[in-house]
Structures are given as structure tokens and as C-alpha cells.
Amino acid sequence: MKKSTSPLLNTLFLLLASLATACSQTTNPDQTAATKPATAALNKKPGWWKETTVYQLYPRSFQDSNGDGVGDLKGIISRLDYLKSIGVGTVWLNPIYGSPNDDNGYDISDYRAIMKDFGTMADFDALLKGMHTRGIKLVMDLVVNHSSDEHAWFKSARASRTSPYRDYYYWWPAEKGTPPARYSIFDVKHDAWQYDAPTKSYYLHYFSRKQPDLNWNNPKLRQEVQNIMKFWLDKGIDGFRMDAFQFVAKDPSFPPMPGLTAQNFANAYNHGPHLHDYLQEINREVLSKYNVMTVAEGAGRNPTEAHLFVDPARKELDMTYHFEGVDVGSNSETYRLTDLKRVFTKWDSSFARQGWQAIDLGNHDQPRMVSKFGDDRPAFRAPSAKLLNTFILSMRGTPYCYSGDELGMTNIKFEKIDDYRDLAALNGYALVKSQGGNLPAYLKNLKRFSRDNSRTPFQWDATANAGFTTGTPWLKVNPNYLTVNEAAEEKDSASVLNHFRRAIALRKQHPVLTYGQYHLLDAANPHIYAYTRTQGNDKALVVLNFSAEQRAWALPAGLTLGGTPWLNNYPNFTAGPTLALLPWQAVVLPLR
Ligand code: NOJ
């Protein structure tokens with residue numbers, strides 16, 4: 001048994017530790033990019049988005065600067081040095097546009113304004129400048145499957161059947177009877193048609209009643225969307241994450257779709273008529289004129305469909321992120337590692353030659369990744385969070401880190417419905433209650449899967465409210481902030497945060513981790529996820545022990561270790577023909 005520590009890692013760590021110390025010094029919230037210059041070149045080469053790591057930032061929960069309990073743009077500006085210090089190349093901001101906040105900004109009332117809670121357009125300009133000065137790109141959410149019912153278009157459309165904006169939305173006149181059933185995800189009755197008295201018509205809303213669906217069959221609406229995109233791209237942003245885009249195309253005759261349920265609506269709504277015509281039009285008229293990235297949420301029901309969105313020759317979007325990975329185990333008490341391996345391997349093989357995909361295990365619609373795929377008990381939280389970050393950062397594709405996952409933040413697991421803020425949780429509860437259903441069972445499920453689990457405020461330090469706000473936070477802070485917080489992790493070389501930094505640095509250093517061919521090993525092993533990455537002569541082996549027990553794993557014939565680990569989430573590593581892996585141990589090893 002041989003213990004080893006990599007000299008490379010030591011050097012890397014010293015470098016990062018000094019960086020971290022520099023960054024952990026309290027940043028003055030008033031210190032903007034303008035007063036504290038930090039220059040780094042912005043990667044301009046075509047296809048830059050393949051080599052970046054995306055940090056998904058939930059503005060409402062990141063940093064409050066004015067004590068109103070809600071995160072804001074000035075708060076983000078005050079933390080830009082932190083973002084730079086962790087090594088991410090791109091930030092995707094959840095929606096920051098004008099919105100009454102029915103669905104935390106996914107209900108937009110003004111596409112060219114900043115939400116009052118978040119600040120002003122001047123703040124936005126400073127934020128973008130501050131990011132670019134630091135070599136960080138900015139990607140915005142584009143939410144155009146629906147608007148808010150408080151958007152001027154909808155206000156006009158609902159007032160009269162002859163409004164010039166009437167056809168920006170879908171209407172079903174009441175004189176035609178009840179519209180063909182459509183399922184709504186957030187509606188308190190899951191009914192996607194809402195009767196609107198002023199014009200005696202129903203309007204369509206796949207999401208909440210305050211999120212009426214936009215009519216993409218109308219060329220005027222499509223032109224409006226293109227103009228909105230140009231408005232932000234001309235400001236200099238670096239791309240869009242396209243929200244619910246797989247749903248935008250609809251057959252306006254609304255043929256019957258019997259039997260729509262929570263389980264099958266997504267399949268039924270996917271890929272409506274002309275979807276790809278719309279995307280090609282957007283590419284031709286807008287995207288082709290800018291060097292930016294686009295990522296489609298949940299594009300396609302399977303890899304074949306996903307390729308239709310992102311194969312370069314089709315000139316539509318750049319990359320897709322699928323739901324199958326995060327969905328593994330969503331309906332069961334536990335998930336099976338073999339399912340996770342199967343899903344990620346299937347998607348990787350499908351993208352081995354063409355197209356590009358995102359790699360993620362969490363986002364603002366999912367529970368915290370460490371609570372779902374790792375083990376958030378105190379003894380295993382840190383190693384399992386490090387393992388999951390190792391996974392994301394050693395797969396082919398563009399890694400997406402959801403804010404807080406670099407610290408190993410966990411689900412909050414609320415006990416009472418009053419603690420929740422997400423309309424999906426609240427409306428679901430109201431529905432179960434109105435049906436006399438099993439409320440304790442509903443709450444138990446929410447505890448594990450509610451979106452509010454991942455939306456709790458970022459844990460900066462051990463002061464009141466985790467340093468997120470001096471006021472009352474809009475959503476409770478996870479009580480584990482006393483130990484799980486950025487300031488504490490800065491000081492600890494073995495923290496989840498510093499491991500995350502090492503993993504990003506490693507990915508930048510070894511292109512094989514971005515581009516190399518992926519090959520799954522030992523597919524049937526229920527505890528170990530192991531794979532090789534190969535590019536020319538560069539070859540790496542990733543071994544992840546997805547369990548809280550020690551495991552032995554025999555090195556497959558033909559593989560020869562080429563030295564000490566490039567990355568390891570424990571101080572020691574025991575090499576040999578059989579690897580002895582500690583609970584949740586994750587190693588990236590060079591191969592000969
Ligand atoms: C997907 C977003 O990720 C989610 O947060 C939102 O509620 C829906 N789209 C509706 O916009």
C-alpha cells in the first residue's frame with residue numbers, strides 16, 4: 001500500500017490558497033469593477049463555450065446589498081472577485097427582467113428592464129463590465145414561451161378581441177365551448193386554460209395563470225423576440241439560456257390530447273410544428289451575427305431529437321441540457337448508480353461525434369445535488385459534494401455548476417408549508433388540500449424535491465443570515481450555514497470549495513477532460529462509477545466511489561497508472577492492481 005501526494009497538486013494548491021486568501025478579504029460592497037480593476041482577456045475564439053465552466057447564479061439568493069432580504073445586482077457586483085477566484089468562465093443569470101415575481105422572474109412584464117428588487121439598468125451595465133473586466137462572460141435567461149399577465153402586450157390583448165396584441169397569445173372563445181384539455185404545470189388545478197371574462201375567452205398557460213403562453217405562430221411576436229435578443233446582445237452579453245424552448249411551438253387548432261398528466265405532458269408538448277423553423281430564423285436573423293453561446297433547456301425527448309437543436313450544420317443552437325440525468329431517481333426513495341451511468345453514457349455516446357451538451361447535476365428547479373446524488377449527512381457531505389463536482393468537471397461537455405454546489409450546500413428540508421415560497425410547492429399543496437389528499441405525504445415529498453431546497457440564500461459566512469442580508473431573507477437560510485459557508489471553506493485547504501477550484505484548474509490544464517473520448521468501465525458495478533477520457537496520447541482515469549463504504553476496485557486489464565492522482569478528494573490514495581477507495585472517494589488519475 002503506497003501513500004502519495006502529487007507535487008503538482010501541492011503547487012497548484014499553494015497557488016490557489018494564496019488566491020483564496022486574497023479573495024477572502026472582506027470585499028467592500030461599494031467596491032465595483034470600476035474602482036477595483038482586474039483585467040483578464042475574454043476568450044473570443046469561436047466555440048469558446050465548449051471550454052468554459054458555467055456558473056448558474058440565482059440572483060434572488062446570492063447577495064443582498066440593501067437589506068431588503070432579496071439578492072440584487074449590486075450584491076453580485078460585490079462578489080465578482082469571488083466568482084473570478086473559483087475559476088468559472090461564464091455566469092448564467094436566472095431572469096433579472098421586470099417581473100411581478102409569480103415564478104421568481106420567469107414571468108416577465110418588461111423584457112428590456114431590470115426587476116426593481118434587483119436594481120437598475122445602470123447596475124446591470126456595471127455588472128456586465130465588472131464581469132468582462134475579469135474575463136467572465138454573462139449569459140442571460142431568455143423566457144419567451146410565455147410572458148407575465150402583467151406585460152403590456154397581455155394587458156392590451158385581454159382587454160379586447162381586436163387588440164393588435166391579441167394574437168401574441170392563444171385564445172379560445174367561449175362560444176366554441178370548453179377548450180380541448182391541456183395540462184398546466186403550476187396551475188392550482190393543473191388546467192392550462194384560464195377563462196378571462198372581459199373578452200369571454202380562455203387563454204392558454206402551460207405554467208401558472210400569470211404566465212400566458214406567447215403565440216409563436218405570429219411573425220410579429222417572433223420579430224419582437226428577435227428585437228429583445230438584439231437589445232441585450234448589443235449591450236454585450238455573451239449568450240442565452242433558452243427557457244422552456246421545447247414547448248414554444250404549438251398547433252393553434254389545439255387538437256385533442258387526451259390523458260395529459262404530470263408524467264407525460266412534457267413529451268406531448270415537445271417539438272410542436274415549426275419549432276426548428278423558428279430556431280433557424282432566430283439563428284439567421286440574430287445569433288449568426290454575434291459570437292455568443294446558446295443553451296436550450298431540456299431540448300428533445302431523447303438524444304436524436306436533441307441533435308436537431310444543436311448539430312452545427314442545422315444552424316440553430318449550440319448546446320443542449322437534458323433532464324434525464326437530474327431526473328434519475330426523482331420518483332423513488334433512492335436512485336441507482338447504474339441508472340445514472342447508463343443515462344450519462346447514452347448521452348455522451350450520442351454526442352461523441354457531433355453536437356455538444358451541458359453536464360449538470362442540479363439547478364434552481366432541482367433539489368441540491370449533494371442531497372440527491374450524494375450523502376448530506378455531516379460525515380459524508382464534504383467528500384460526496386467533492387465527488388459530484390469531480391464528476392461534473394471531468395465529463396465531456398460544458399460543466400454547469402449551480403451556485404452553492406461549489407460549497408456543498410444541502411437541502412434545507414422545511415417542515416411546514418409556510419416556509420415554502422415556490423408557487424409550484426404552494427399550488428400543489430392547495431390542490432392536494434382541496435382534494436382531501438394526503439398532506440403529510442405531500443410535505444414529505446417536498447422536503448426532498450422542492451425547488452426551494454436549492455434556492456435558499458448563499459452561505460457566505462457564520463454571521464446572521466449567513467452574510468446574505470442584513471434584513472429578513474425572502475427564503476429562510478439553511479441553519480447549517482454556521483459550518484457550511486464560504487468564509488470557513490476559504491480557510492480550509494481541504495474544503496469542498498478549494499477542491500472545486502482544483503478541479504476547475506485541472507480541467508483548464510488538461511484539454512483531454514473537455515474533449516477526450518469517454519469510455520465507461522465496469523458498467524454493472526452498483527457503487528463505482530469509473531471511466532476513461534482519451535485524446536491522442538493523453539489519457540485519464542476517473543474513479544468515483546458513490547457510496548459511504550470503503551470499496552476495492554480492480555484496475556481493468558490494459559490500464560496502467562501513469563503517476564500520482566491529478567485530483568483526489570482525500571489526502572491519500574492507495575494505488576496498486578486494486579484501488580482501495582474511501583467513502584465517496586473521487587480520483588482522477590493519469591494513465592500511460
Ligand atoms: C423552466 C425554469 O427553469 C423554471 O424555473 C420555470 O418555472 C419554468 N421554466 C417556467 O418558466
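We count ligands from 1, going down the list as the structure has it; atoms in each ligand are counted the same way. Only this structure's heavy atoms are used, side chains among them; waters, hydrogens and symmetry mates stay out.
R209 has no carboxylate O lying under 4.0 Å from a charged side-chain N of D107, or vice versa, which leaves the two without a salt bridge.
For W48, there are no ring pair (Phe, Tyr, Trp, His ring centres under 6.0 Å) partners, not counting sequence neighbours. Shown here are the side-chain hydrogen bond (donor to acceptor under 3.5 Å, both in side chains) partners of D213, two or more places apart in sequence or in another chain: N145, K250. For the side-chain hydrogen bond (donor to acceptor under 3.5 Å, both in side chains) test, no residue two or more places apart in sequence or in another chain qualifies with N283.
Summarising the geometry, atom OG1 belonging to T320 is positioned 9.5 Å from atom NE2 belonging to H307; distances are rounded to the nearest 0.5 Å.
Closer than 4.0 angstrom to ligand 1 lie heavy atoms from D103, Y106, H146, F186, F207, R241, D243, E297, H364, D365, R451, R455.
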Between D149 and Q194, does the side-chain contact (heavy atoms from CB on, under 4.5 Å) criterion hold? Intermediate values first, please.
CA-CA 12 Å; D149 67 339; Q194 173 65 24; over 6 Å; no
